[in-house]
**Q** 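One structure follows; several queries about it will come next.
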Amino acid sequence: MTKVDIVVPCYNYGRFLEASVSSILVQSVSDLRVLIIDDGSSDESLTVARKLARDDSRVTVTSHSRNEGHINTFNEGIAWSSADYFLLLSADDILVPGALKRATEIMDENPDVVLTHGKCILWFDDLPLPIIEPQRRYSWERHDLIGEMCTTGFNFVPAVTAIARTSVQKSVGDYRPSLPHTGDMEMWLRFAANGSVARIGEVQGIYRRHSTAMSNAYYSEKLSDYRQCQSAFDSFFDEYGGRVSGSVSLRRIARRALAKRVFCCGIGLLRRGRGKEAVHLMREAMKMDPSLRYFPPLWHLLKFPGPEGRKWFKSAVGGAATRLWKQSGAMH
């Protein structure tokens, strides 16, 4: 019988905790355990967690006397796990019906698959909760996660959907304290170096977006986020470079992909009139990939949104043409 262990780290998310845990308990997997780890919350999280444990014997609770941070909490959950399969589910995220069944079926039938992930819905919690009906049929595919992540410079695996083979999780080890913002990305790369990764073609989870979400702070510091992504790639290739075919080339590709993302983000800021920040990002991108000094992706400047953007572009081009004509006349 397939066994699944799910750890729900919780820090001041008591108002979301019941919905998150309930989405686990209604899954069509009979043998599962849920461990809620309260990381020193100052709200009602621990009270809610203990009530959930009283109401369902599959739920247990542990708590920290003080906040230890998400990395230590994640690693505590990894140490606790012992079932066939494992998931870390944030206390503000939600599994959709059938998610565990799909993932475990794939790994039960394909021993080479060590990690599964699927589609995720971004839900702003001031809107009605999306209703996802259980799917009788689903599609999935093995894919080159390392190659895709290096080519895009992007973490496309939603953590809410990342259901793993526990034995491999134990083998690849803990989350890195040095990667507080991009530990997930580096973890998925480690999994991919140890087996096949399956991408499920169905919605597997719902990611709740709200004003107190941990990731909100990261989005306000784009450059810091990109540097963390670079650190994630460096950490992975430093450890696994000898085990990954073409690792030298892949590492270079990843750096270039990240540099292009930084540069294009700078162009986006430039289009919104935030020139100082834009120039700073573009300079940083050129440091990451010096070739951008000679072949920058300036075509992104032509992507002006809506009539206001087109009006600005027309004005800018017209002004440049007028100045050029006057200069030409002065020369004669």
Side-chain angles (χ1 to χ4, degrees), residues 2-7 9 70-89 99-100 102-118 120 140-201 204-205 228-255 257:
T2 298
K3 297 181 180 180
V4 182
D5 281 343
I6 299 182
V7 173
H70 64 285
I71 296 294
N72 286 341
T73 304
F74 291 178
N75 292 339
E76 180 181 342
I78 292 172
W80 166 83
S81 63
S82 62
D84 302 304
Y85 306 116
F86 174 71
L87 169 65
L88 277 166
L89 184 70
L100 292 184
R102 286 187 284 271
T104 58
E105 280 182 350
I106 291 168
M107 289 188 281
D108 280 347
E109 297 170 7
N110 300 274
D112 64 303
V113 175
V114 298
L115 177 70
T116 69
H117 66 95
C120 177
W140 68 278
E141 62 176 355
R142 292 178 178 82
H143 69 110
D144 178 12
L145 182 144
I146 296 174
E148 288 185 31
M149 279 197 175
C150 290
T151 301
T152 62
F154 182 71
N155 177 17
F156 49 77
V157 177
V160 60
T161 75
I163 300 166
R165 196 176 293 277
T166 306
S167 59
V168 179
Q169 176 69 81
K170 300 280 191 179
S171 175
V172 301
D174 290 345
Y175 283 82
R176 310 296 193 211
S178 59
L179 298 171
H181 302 341
T182 54
D184 284 346
M185 182 180 191
E186 193 262 354
M187 181 64 78
W188 314 147
L189 290 166
R190 276 189 269 162
F191 268 99
N194 283 272
S196 299
V197 177
R199 176 162 46 205
I200 300 172
Q204 289 284 91
Q228 281 277 318
C229 287
Q230 184 61 61
S231 295
F233 280 118
D234 288 341
S235 175
F236 170 70
F237 282 114
D238 285 347
E239 182 175 356
Y240 283 91
R243 299 169 54 178
V244 176
S245 177
S247 63
V248 174
S249 176
L250 286 169
R251 191 170 195 162
R252 183 170 57 251
I253 289 170
R255 181 174 289 273

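Numbers here are sequence positions counted from 1. Being a predicted model, the structure only gives us computed values, none of them experimental.
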**Q** Flag the pair R251 and D238 as a salt bridge only when some basic side-chain nitrogen lies within less than 4.0 angstrom of an acidic carboxylate oxygen.
**A** yes

**Q** Test side chain to side chain contact (heavy atoms under 4.5 Å, CB included) on R176 and M187 and set out the steps.
**A** CA-CA 9 Å; R176 310 296 193 211; M187 181 64 78; over 6 Å; no

**Q** Do side-chain atoms of S247 reach the backbone of G241 as a donor and acceptor pair under 3.5 angstrom?
**A** yes

**Q** Just by modelled atom types, is the R199 backbone N or O under 3.5 Å from a matching donor or acceptor in the E141 side chain?
**A** no

**Q** In this structure, are over 12 heavy atoms from other groups packed under 6.0 Å from K170 atom NZ?
**A** yes

**Q** In the structure I gave you, are the side-chain heavy atoms of E76 and V7 within less than 4.5 Å of one another anywhere?
**A** no

**Q** Could you tell me if the side chain of F86 sits less than 4.5 Å from the side chain of I6, heavy atoms only?
**A** no

**Q** Any side-chain to backbone donor/acceptor pair from R165 onto V113? Under 3.5 Å, distance only.
**A** yes

**Q** Going by atom types alone, do D112 and S196 pair a side-chain donor with an acceptor below 3.5 Å?
**A** yes

**Q** Looking only at the side chains, is there a donor atom on one of T2 and D108 sitting less than 3.5 Å from an acceptor on the other?
**A** yes

**Q** Report yes if the side chains of F156 and M149 come closer than 4.5 Å at any heavy-atom pair, otherwise no.
**A** yes

**Q** Using a 3.5 Å distance criterion without hydrogens, assess whether the side chain of T151 forms a donor-acceptor pair with backbone atoms of G147.
**A** yes

**Q** Please state whether the rings of F191 and W188 are parallel, tilted or perpendicular, taking 30° and 60° as the class boundaries.
**A** tilted

**Q** Donor-acceptor check, side chain of Q169 to backbone of G173, threshold 3.5 angstrom: yes or no?
**A** yes

